[in-house]
Structures are given as C-alpha cells and as structure tokens.
A.B. asks: 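Before we start, here is the structure in question, set down as structure tokens.
Proteins come first, then strands; the chains are lettered A, B, ... in the order of their sequence lines, and each starts at number 1.
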Amino acid sequence: MALDGWKERLFRQYLYWVCRPARLRRKLAALVGEKRVAPPVTGRRLRVAALQVEIELFKDPLDYAVEAHRRTAEAAAAGVHLVAFPEDNNLPLLGMLPGVEEMGEAVSAEEPDQAPAGSGAPEITVAEVIRYIGPVIAPFLNILYATLAAAYGLYLAAGSFLLPDGERVVNRSYLYGPGGELIGMQDKVHLMPIEEEWGISAGDELRLFETRAGKIALPVCMDATYFETFRILELQGAEIVILPIANPEPYNYWLALRGIWPRVQESPVYGIKSALVGSLLGFEFTGRAGVFAPAELTAGGTGVLAEVESPEKEGMALAEIDLEALEKLRSDHPWRDSNLALYRRYFPGIYEHIQMQTKQSP
Amino acid sequence: MTRVAAFSLAGIRTGRPEEYAADLTGLFKELAPDLVVLPAHTSLLLCEAWGLLEREPDFGGKFKLFTQKAAEWNKRYFQLHSELARTGELYLAAGTTVEKERGKLYHTAYCFGPDGGLCAQQRQTHLSREERSFGLSRGEELHLFELAGMKTGLIVGTDARHPEVGRILALKGAPLVIHTGATAAGKESRAQPAGIWAQVQQNQFWAAEAQLKGSIGGRSFGAQCAVIGPCEITAGRTGYLDRESEERPFAAAELVEEKRLRIKEKYPLLKLLRPEAYRGRLPELYR
C-alpha cells in the first residue's frame with residue numbers, strides 16, 4: 001500500500017478540511033441565492049440538456065463546485081427539467097493532489113512508449129488513488145449535486161464518478177431528483193480494457209428508476225457498445241437512457257456512431273449523451289453531447305434531436321422529448337418484432353460461446 | 001483473402017432471363033468475386049418483370065399474389081441462379097423469395113455454391129408489421145455454412161435491425177455475414193447504419209450487404225450496397241470497405257482476415273460481454 005504513510009494520512013486530513021460540508025454549503029448558498037423551480041412537467045413532454053464539459057483540474061474543490069453550479073444554472077435558465085453531466089465527472093478533483101498537474105504535463109510531453117511508470121517511483125494504481133481520495137470526495141459530490149438539483153428543482157444526472165465501494169473501485173453514475181433526493185445509482189457494467197488495468201470493478205446489474213419524469217436508466221459509456229444494455233433496459237420499461245461518456249480518442253464521426261445512436265434505434269428509447277472533452281494526464285477526450293431518439297420520432301429520420309457542434313469544446317445540447325410519442329411508436333412500431341422461440345433457443349446459452357471465441361482468436 | 005461483391009440490381013436488365021443473366025455474368029467477369037450477394041425481393045422483382053404479377057397495382061398486392069405463385073415460380077428462380085453460380089464459379093446469395101412449408105409462408109434467402117448446388121438457406125426471423133400482414137411466419141433458427149473456408153451466416157431483410165441476430169451468428173463463430181436487404185427509399189434508408197453496419201461494429205465480423213435499388217409496385221427502394229468491416233481496419237475508420245455509388249450500383253472489396261483477427265485481439269469486444277449481467281434478463285424479459 002503506497003498511500004498509507006503518515007504524510008499521506010496527514011494530507012488526507014487537509015483534504016477533509018477543504019472538502020468539509022459546511023464550507024461547501026456556505027459557498028453554494030452564496031451562489032444559488034433564492035431557490036428556483038424548474039417549469040412543471042406538462043403532459044409527458046420534457047426539456048432536457050446534455051452537457052459537454054471541458055475538463056480542468058481544480059486545486060480548490062470550491063472552484064469545481066462553482067463550475068458545476070454555472071452549468072446547472074445555464075441549463076435551468078434554458079428551462080430544462082433534466083440535465084446530465086459526463087462520465088468521470090470527479091476527475092477534476094484530482095487537482096487537489098500535489099503534483100498531478102505537473103505529472104499530466106510530463107505525460108503529455110513524453111513519447112507514448114515512455115510513460116513515467118518506468119521512472120523508478122513506486123507504482124500507484126488508479127484504483128489506489130481513488131481509494132485514497134474517494135472517502136473525502138464522495139460526500140462532497142453528494143452534497144454538491146443534491147443541492148444543485150434541489151436549488152433548481154430539476155432532475156440532475158451527475159454523470160459518473162470513480163469511487164471506492166468497500167474493497168472495489170467502481171465507475172458509478174448518479175441521478176438526483178428535484179427535491180435533492182438521490183434517486184439511484186448505476187455501476188458501469190462493461191469496462192474498457194484500460195479500466196480493468198486501472199483496477200476498476202464492473203457492475204453486474206442494469207437498473208431502472210421510476211420517476212415523475214419517466215422511467216430512467218443510467219448506464220455508462222462503454223455500456224452502449226453492447227445492444228444487450230439497451231435491450232434489457234427497454235424491456236424493463238426504460239423511456240430515457242442517460243449515458244455519460246469520456247472517450248479517450250481523437251474524434252471520428254464513425255467511431256462515435258458506435259455508441260448510443262444505433263442503440264436508440266435498436267431499442268426505442270430517448271438517449272441523452274453527456275460528454276467529457278479536453279486533455280488530462282496524457283488522455284485526449286472527445287465527443288459530441290447530444291439528445292437522440294428513434295429515427296421515426298425525428299425530423300428527416302436522422303435519429304438526432306440535438307447535438308453539440310464541436311467535439312472538443314464545452315457546450316450544451318437542448319431538446320424536447322415526448323414520452324407519449326415514444327409510447328405510441330412502441331405500441332405500433334412499423335418494423336420492430338420479437339421472436340421468443342428464437343431467443344429461447346439461443347439465450348442465454350449462446351454467451352457460453354464467448355470462451356470458445358476467445359480460444360479461436362489468436 | 002476473399003473477394004465479395006454486393007449488387008443493388010440497378011442498371012441490370014430484368015425484362016428477359018437471358019438479358020438478366022448476361023448483365024450479371026458481365027459483372028461477375030469484371031469483378032471476379034468469390035461471393036456475390038443480391039438484394040431481398042430479387043425473386044419478386046424478376047417475377048414482376050416477367051409479367052406474372054401484372055394484375056396487382058401496388059407492392060402489397062403484388063407480394064400477396066407472389067406468395068400464391070411462389071411454389072411454381074421458385075423452380076425457375078432456383079434454376080436460373082444455380083446456373084449463374086455454376087457458370088460464374090462463385091457463391092451466389094440470390095436474394096430472397098417466399099417458400100411454403102406445412103402451410104406456413106416464410107421469407108427466405110438462398111445461397112448457391114460454385115458447383116450450382118444449394119449451400120445455404122435462411123428464413124427471416126423478425127417480421128415488420130407489413131410482413132406479418134402478408135401472412136409470413138418467422139424462422140426460428142440461425143444457420144452457418146462454409147463459404148470459401150469461412151463460417152458464414154445469412155441475415156434477411158429487417159433482421160438487420162434486430163441485433164440479436166448478429167450476436168447469435170457472431171457467437172456461433174461467423175467471421176462473415178451476408179445481408180440481403182430491401183429498404184424503402186427516404187427516411188427508412190437514412191437509418192441504414194443502425195442495421196448491418198451497427199451489427200458489424202458490435203460483433204467485429206465482415207458483412208456484404210446488398211440493398212435493392214429500384215421500384216416494385218410503385219414502392220421505391222433506396223438504401224446502399226456496402227462491404228463493411230470493423231471501423232479500425234477501414235480507410236477513414238468509416239467501417240466501409242466499399243459502398244455503392246450513383247455510377248457504380250454495387251460494392252466490392254477484398255476481406256483480409258488477418259486484419260480482422262488483429263483488431264479482435266487488440267480490442268476484444270466479444271470477450272468483454274457480461275453474461276452475468278444478462279442472466280435472468282435475456283431471454284426472460286422478452287415478450
């Protein structure tokens with residue numbers, strides 16, 4: 001354990017002090033002023049916002065809170081009932097750790113095959129860093145986003161956070177209600193290979209949350225690579241699937257198309273994709289936040305209701321979604337079908353073939 | 001290395017059997033493929049072109065009439081395409097026709113081998129609302145067959161929009177799927193990447209996709225033929241090895257299997273599936 005020396009314990013006391021609830025609450029009270037309320041949900045139409053957040057590191061967590069507040073306030077000013085933040089939305093708080101910023105600059109300057117892991121310093125995994133800082137920032141994040149949701153009276157998907165849960169470290173998304181209540185959480189089920197290397201653990205259940213704004217699910221990024229995620233959620237009754245992403249690769253329209261857009265077409269739901277963009281620790285994050293719908297419910301059959309123009313800069317995609325129209329489409333779908341006999345023949349046994357596939361691959 | 005081609009039938013003369021055969025044979029010679037894929041409704045299109053469905057004005061009427069004539073008509077259709085495969089010395093996925101078994105009608109794709117023999121047939125497993133109204137039944141199995149050393153599956157019509165089909169074929173071990181499609185022009189065609197393209201990307205197999213370009217009973221079909229592979233091994237990372245264009249009513253490309261295996265090893269999508277999260281949900285949740 002590289003992070004349990006007296007210096008680290010002492011520093012963590014400092015972190016607890018700067019992240020203390022009273023300090024955060026004072027700041028938020030000053031920022032929010034009078035409590036505002038989102039427009040009432042009329043019928044089954046909702047106005048939603050997918051945020052595109054440019055990542056930056058913060059040494060003082062209150063600066064992070066100021067930015068989170070600014071984005072929420074902008075969405076509220078646009079009249080939304082629901083706002084969604086991106087994946088890994090707690091990474092900016094790593095700026096509180098000494099040397100992280102400098103390490104990021106060093107990594108960026110290095111050749112890709114000369115990462116600082118070989119510098120002779122004791123190796124610390126991402127999971128260890130999260131275990132160290134997680135107990136400090138988890139309550140901070142909870143107070144921050146619960147307060148913002150309540151202050152503006154809207155549904156707030158806080159994106160996902162890398163956080164410890166007992167011995168495990170998970171990538172977990174959060175949804176708060178307009179009263180500030182925590183409605184639900186979802187652990188990322190399908191991990192990227194790099195997350196496995198980092199020591200992140202996968203969730204093994206896809207969850208659905210019934211709210212006054214509709215039935216909402218919160219899978220994370222890579223979960224949208226697999227049709228199974230959206231199919232299971234749709235069959236459970238999901239109407240809105242919020243997908244926070246943080247894609248560490250240069251933007252390419254076709255690579256980006258492999259996620260939420262085809263999933264929404266396969267399993268008719270509304271999809272809200274919030275994206276983390278910008279550079280951090282040698283990673284270049286890109287993406288275009290957007291609101292997606294079955295092609296049948298969009299003008300011109302594009303399947304896109306709104307999308308942020310730039311894949312690299314901050315932005316917000318705003319759209320209105322109509323859950324009644326979705327219900328009607330589902331009950332009278334022109335091409336969608338179900339073949340129980342086929343599914344019962346092959347599922348779940350076909351997944352046992354994964355092992356066979358693995359053996360066949362070189 | 002396998003060379004595959006998908007034809008939209010645009011520009012192919014369909015009025016007389018000998019013209020149809022000559023035009024296809026010309027393209028076979030030009031492209032020298034191991035496999036040619038024709039679109040869905042090829043059989044219906046020819047049956048209409050040869051004047052057997054004239055008394056019905058619209059697509060629905062023609063299709064229903066076709067289902068009554070299919071048993072007799074299919075003999076000509078099979079014979080013609082078997083002969084084309086044999087003389088072309090290639091695999092020919094001859095699009096789709098309607099077959100009847102034990103009183104049930106199925107929309108089925110057929111593939112003939114270089115010896116002219118039938119090497120595969122696949123019934124459509126998911127039906128659109130309109131197809132159900134025509135009295136079609138769903139197939140309940142998905143088959144693989146050997147094509148030039150590759151295990152291959154056939155995906156018929158709207159099965160392209162049901163990802164269960166591609167997943168089952170991929171996990172059964174298919175490195176190649178053949179799609180015979182016919183998608184209405186306009187809005188429906190704009191969502192085309194949500195079909196076979198998306199199935200390729202989440203299963204990392206190859207696909208040869210033939211889409212009908214033309215009109216039957218006043219209905220226009222307008223999606224594009226394509227040869228598709230995982231984005232990472234295609235130019236511009238588009239996922240397309242080749243696509244039909246205005247000037248070229250077909251798509252043709254060589255499949256370099258080593259490249260596909262390399263990307264599967266580097267980015268092993270199927271290995272990262274999470275059956276433990278699907279247990280008790282698939283198939284239990286399906287209605």
A.B. asks: Below 4.0 angstrom, N of the basic side chain to O of the carboxylate: do B:Glu164 and A:Arg231 qualify?
C.D. replies: yes
A.B. asks: Search all heavy atoms of A:Arg258 against all heavy atoms of B:Tyr267 and return the closest pair with its distance.
C.D. replies: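 Closest pair (atom of A:Arg258, atom of B:Tyr267, distance): NH2-CE2, 4.2 Å.
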A.B. asks: Are any non-hydrogen side-chain atoms of B:Arg287 and A:Leu235 less than 4.5 angstrom apart?
C.D. replies: yes
A.B. asks: Which heavy-atom pair separates B:Lys187 from A:Gly301 by the least distance, and what is that distance?
C.D. replies: CE-N, 3.5 Å
A.B. asks: Before giving the answer on side chain to side chain contact (heavy atoms under 4.5 Å, CB included), spell out for B:Glu188 and A:Glu296 the whole-Å C-alpha distance, their side-chain angles and the decisive distance to 0.1 Å.
C.D. replies: CA-CA 8 Å; B:Glu188 270 185 54; A:Glu296 293 81 2; over 6 Å; no
A.B. asks: Of the backbone (N, CA, C, O) and the side chain (C-beta and beyond), which part of A:Pro334 lies under 4.5 Å from a heavy atom of chain B, both, or neither?
C.D. replies: backbone
A.B. asks: Regarding A:Glu266 and B:Gln199, do their side chains bring together a donor and an acceptor under 3.5 Å, going by distance alone?
C.D. replies: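 No, B:Gln199 and A:Glu266 have no side-chain donor paired with an acceptor closer than 3.5 Å.
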A.B. asks: Do you know the tightest heavy-atom contact between B:Leu272 and A:Met222?
C.D. replies: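 Heavy atoms of B:Leu272 and A:Met222 come nearest at CD1-CE, 3.9 Å.
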A.B. asks: Could you please state which residues from residues 321-331 of chain A sit under 4.5 angstrom from chain B, measuring non-hydrogen atom to non-hydrogen atom, sorted by number, or 'none'?
C.D. replies: A:Ser331
A.B. asks: Do the numbers put B:Arg161 on top of the ring of A:Trp335, so that NZ or CZ is under 6.0 Å from the six-membered ring centre and no more than 45° off the axis?
C.D. replies: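 Pair B:Arg161/A:Trp335 counts as cation-pi.
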A.B. asks: Could you report the tightest heavy-atom contact between A:Leu342 and B:Glu141, atom names first, then the distance?
C.D. replies: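 Taking every non-hydrogen atom into account, CD1-N, 4.0 Å.
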A.B. asks: Report, as yes or no, whether the 6.0 Å neighbourhood of atom CZ on B:Arg129 holds more than 12 heavy atoms from other residues, nucleotides or ligands.
C.D. replies: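 Atom CZ in B:Arg129 is packed in, count exceeds 12.
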A.B. asks: Among B:His126, B:Gln124, B:Arg132, which residue meets the side-chain hydrogen bond (donor to acceptor under 3.5 Å, both in side chains) test with A:Asp337?
C.D. replies: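 Among the candidates, only B:Arg132 passes.
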A.B. asks: How long is the gap from CG on B:Leu269 to OH on A:Tyr226, to the nearest 0.5 Å?
C.D. replies: 4.5 Å
